[in-house]
Engineer: 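Structure below; questions to follow.
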Amino acid sequence: MRFATWNVNSVRQRLGLVTDWLSRNSPDLLLLQEIKCETAQFPAGAFQEAGYDSVVVGQKSYNGVAILSRVPATLRHRHLPGLEAPEGGEHHARYVEIEAGGIVFGNLYLPNGNSGGADGYQAKLRWMDALIAHARDMLASDTDFVLAGDYNVAPTDEDFATGALSADDALVRPETRERFRALQWLGLTDAVRAVTPRGPVYTFWDYQAGCWPRDRGLRIDHAMLSPRVAERLLSAVPDRMERDKPQPSDHVPVVVTLAD
DNA sequence: ATGTCCGTACATTACGGA
């Protein structure tokens with residue numbers, strides 16, 4: 001079983017890159033974030049031609065998540081259980097969860113937390129609290145699961161290049177990192193770090209300031225594995241070369257292989 | 001020191017978000 005997570009920064013702008021990547025890699029599942037379109041605008045037909053079914057949770061302009069699958073998949077949730085919708089509004093399109101091959105896959109796009117002032121940051125922390133509670137519930141029910149996506153968290157100082165972030169950035173503040181560690185203390189395994197314990201393993205390079213040619217990256221896209229899934233972990237690596245393509249996303253796919 | 005890209009709308013440029 002092989003799956004990948006990829007923040008594509010507009011699926012319509014990146015359709016050719018995604019279908020090309022699928023044809024070269026043929027994962028069982030591809031978890032997409034920041035599709036930046038409404039569900040009805042998602043190019044499901046193009047992915048169907050490539051052999052993939054789509055489960056889409058979209059919204060206008062921002063956010064949006066989808067799971068492409070070439071194996072049978074069952075929808076479980078269209079938003080993060082236990083999370084309140086914003087005051088007087090709809091849920092942001094930031095979470096979709098399916099079951100495939102005996103494993104639950106939660107695909108998440110965590111709030112960045114740098115916009116909207118203190119309220120925006122608190123919303124990020126509440127989102128993380130709900131994610132921790134959901135992971136705890138799934139562990140309590142003995143469910144095998146993966147929680148993967150754009151966490152907008154650089155868990156340690158090894159996870160960003162010097163000068164790439166300020167110390168008070170929402171991606172690295174102590175309260176952010178404390179919550180990421182809480183997922184680990186529950187017993188979840190950070191797949192990329194389990195395979196590559198030390199040093200830079202970036203998944204994102206900003207479009208600005210020549211971050212890619214200077215390798216000023218961040219490691220913010222993660223796949224967290226429940227214990228029995230972690231025992232099957234064979235590899236977990238970002239596909240760096242995807243950042244070098246014309247008009248790329250600022251994130252690259254992170255590819256995880258599990259023993260069957 | 002600075003360097004970008006996406007989608008939207010009171011649209012042909014400005015803006016928020018990342």
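Numbers restart at 1 for each chain; the letters A, B, ... are given by sequence-line order, proteins then strands. From a predicted model like this one, the values you see are computed outputs, not experimental measurements.
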Engineer: Determine the interatomic distance between P on dT2(B) and the same-named atom on dT13(B); round to the nearest Å.
Structural biologist: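 Comparing P positions in dT2(B) and dT13(B) gives a spacing of 26 Å.
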Engineer: Write down the distance separating the P atoms in dC6(B) and dC10(B), rounded off to the nearest Å.
Structural biologist: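 To the nearest whole Å, 22 Å.
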Engineer: Could you tell me how far apart Leu171(A) (CG) and dG17(B) (P) are, to the nearest whole angstrom?
Structural biologist: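 Whole-Å distance recorded here is 16 Å.
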Engineer: Could you tell me whether Asp53(A) and Arg70(A) make a salt bridge, using a distance below 4.0 angstrom between a side-chain N and a carboxylate O?
Structural biologist: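 Judged by the 4.0 Å cut-off on N to carboxylate O distance, Asp53(A) and Arg70(A) do not form a salt bridge.
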Engineer: It should be established whether Lys60(A) places a side-chain nitrogen or oxygen under 4.0 Å from OP1 or OP2 of nucleotide dA9(B).
Structural biologist: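 Lys60(A) to dA9(B) OP1/OP2: side-chain N or O found under 4.0 Å.
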Engineer: Provide, to the nearest angstrom, the distance between the CG atom belonging to Asp250(A) and the P atom belonging to dA18(B).
Structural biologist: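 Value for this atom pair: 12 Å.
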Engineer: Does this structure show an ion pair linking Arg14(A) with Asp20(A), if we count only N-O contacts that are shorter than 4.0 Å?
Structural biologist: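 Between Asp20(A) and Arg14(A) there is no salt bridge, as every charged N stays at least 4.0 Å from the carboxylate O atoms.
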Engineer: Go through the steps to decide whether Thr5(A) and Gln33(A) satisfy the test side-chain hydrogen bond (donor to acceptor under 3.5 Å, both in side chains), and finish with yes or no.
Structural biologist: CA-CA 8 Å; Thr5(A) 174; Gln33(A) 304 89 37; 2.9 Å; yes
Engineer: Output the single nucleotide from dA18(B), dG17(B), dG3(B) whose closest atom is nearest the side chain of Arg94(A).
Structural biologist: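 From the listed options, dA18(B) comes nearest.
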Engineer: Measure from CD on Gln59(A) to P on dG16(B) and round the result to the nearest Å.
Structural biologist: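 Nearest whole value for this atom pair: 18 Å.
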Engineer: Between Arg228(A) and Asp142(A), is there a side-chain N and carboxylate O pair less than 4.0 Å apart?
Structural biologist: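 Asp142(A) and Arg228(A): salt-bridged.
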Engineer: Which base, if any, makes a Watson-Crick or G-U wobble pair with dT8(B), both distances under 3.5 Å?
Structural biologist: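 With both distances under 3.5 Å, dT8(B) matches dA14(B).
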Engineer: Under 4.0 Å, heavy atom to any atom of DNA chain B: which of residues 109-121 of chain A qualify?
Structural biologist: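 When residues 109-121 of chain A is checked for heavy atoms under 4.0 Å from DNA chain B, the hits, listed by number, are Tyr109(A), Asn112(A), Ser115(A).
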Engineer: For the side-chain hydrogen bond (donor to acceptor under 3.5 Å, both in side chains) test, which of Thr156(A), Asp190(A), Thr196(A) pairs with Arg219(A)?
Structural biologist: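 For Arg219(A), the side-chain hydrogen bond (donor to acceptor under 3.5 Å, both in side chains) check succeeds only for Asp190(A).
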Engineer: Which residue lies toward the 5' end of DNA chain B, His251(A) or Cys37(A), if each is placed at its nearest nucleotide?
Structural biologist: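 That would be Cys37(A).
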Engineer: Sticking with atom P, work out how far dA1(B) lies from dC5(B), rounded to a whole angstrom.
Structural biologist: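 Between the two P atoms, the distance is 22 Å.
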Engineer: Would you kindly give the CG-to-P distance between Asp150(A) and dG17(B), to the nearest whole Å?
Structural biologist: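 The distance from CG of Asp150(A) to P of dG17(B) comes to 17 Å, rounded to the nearest Å.
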Engineer: Grab the CD-P distance between Gln247(A) and dG7(B) for me, whole Å please.
Structural biologist: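 Interatomic distance, CD of Gln247(A) to P of dG7(B): 12 Å.
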Engineer: Please report, rounded to the nearest Å, how far the P atom of dT4(B) is from the CH2 atom of Trp212(A).
Structural biologist: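 Result: 18 Å.
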Engineer: Is there a side-chain hydrogen bond (donor to acceptor under 3.5 Å, both in side chains) between Trp21(A) and Asp239(A)? Walk through the geometry before answering.
Structural biologist: CA-CA 10 Å; Trp21(A) 189 87; Asp239(A) 186 353; 2.7 Å; yes
Engineer: By the 4.0 Å heavy-atom rule, please label Arg214(A) as base, sugar-phosphate, or nothing.
Structural biologist: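 Touches a base.
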Engineer: Whole angstrom is fine here: how far is it from CZ in Arg216(A) over to P in dT4(B)?
Structural biologist: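 In whole Å, dT4(B) P and Arg216(A) CZ are 15 Å from each other.
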Engineer: If you only use heavy atoms from C-beta on, which nucleotide in dT4(B), dA18(B), dC6(B) is closest to the side chain of Tyr207(A)?
Structural biologist: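 Per side-chain heavy atoms of Tyr207(A), the pick is dT4(B).
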Engineer: Would you call Asp169(A) and Arg173(A) a salt bridge, using N to O less than 4.0 angstrom?
Structural biologist: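 No salt bridge links Asp169(A) with Arg173(A).
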Engineer: Measure the distance from CD on Glu34(A) to C1' on dT4(B) and round it to the nearest whole Å.
Structural biologist: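 Atom-to-atom, Glu34(A) to dT4(B), this comes out as 14 Å.
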Engineer: Between Glu90(A) and Lys60(A), does any NZ, NE, NH1 or NH2 come within less than 4.0 Å of an OD or OE carboxylate oxygen?
Structural biologist: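 So Lys60(A) does not pair with Glu90(A) through a salt bridge.
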Engineer: Between dT8(B) and dT12(B), how many Å separate the two C1' atoms, rounded to a whole number?
Structural biologist: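 Nearest-Å result for dT8(B) against dT12(B) at atom C1': 14 Å.
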Engineer: Any side-chain N or O of Arg14(A) less than 4.0 Å from the OP1 or OP2 oxygen of dC6(B)?
Structural biologist: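 Affirmative; the distance criterion is met.
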Engineer: Within the structure shown, what part of the strands sits under 4.0 Å from Gln13(A) by heavy-atom distance: base, sugar-phosphate, or nothing?
Structural biologist: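 Sugar-phosphate only.
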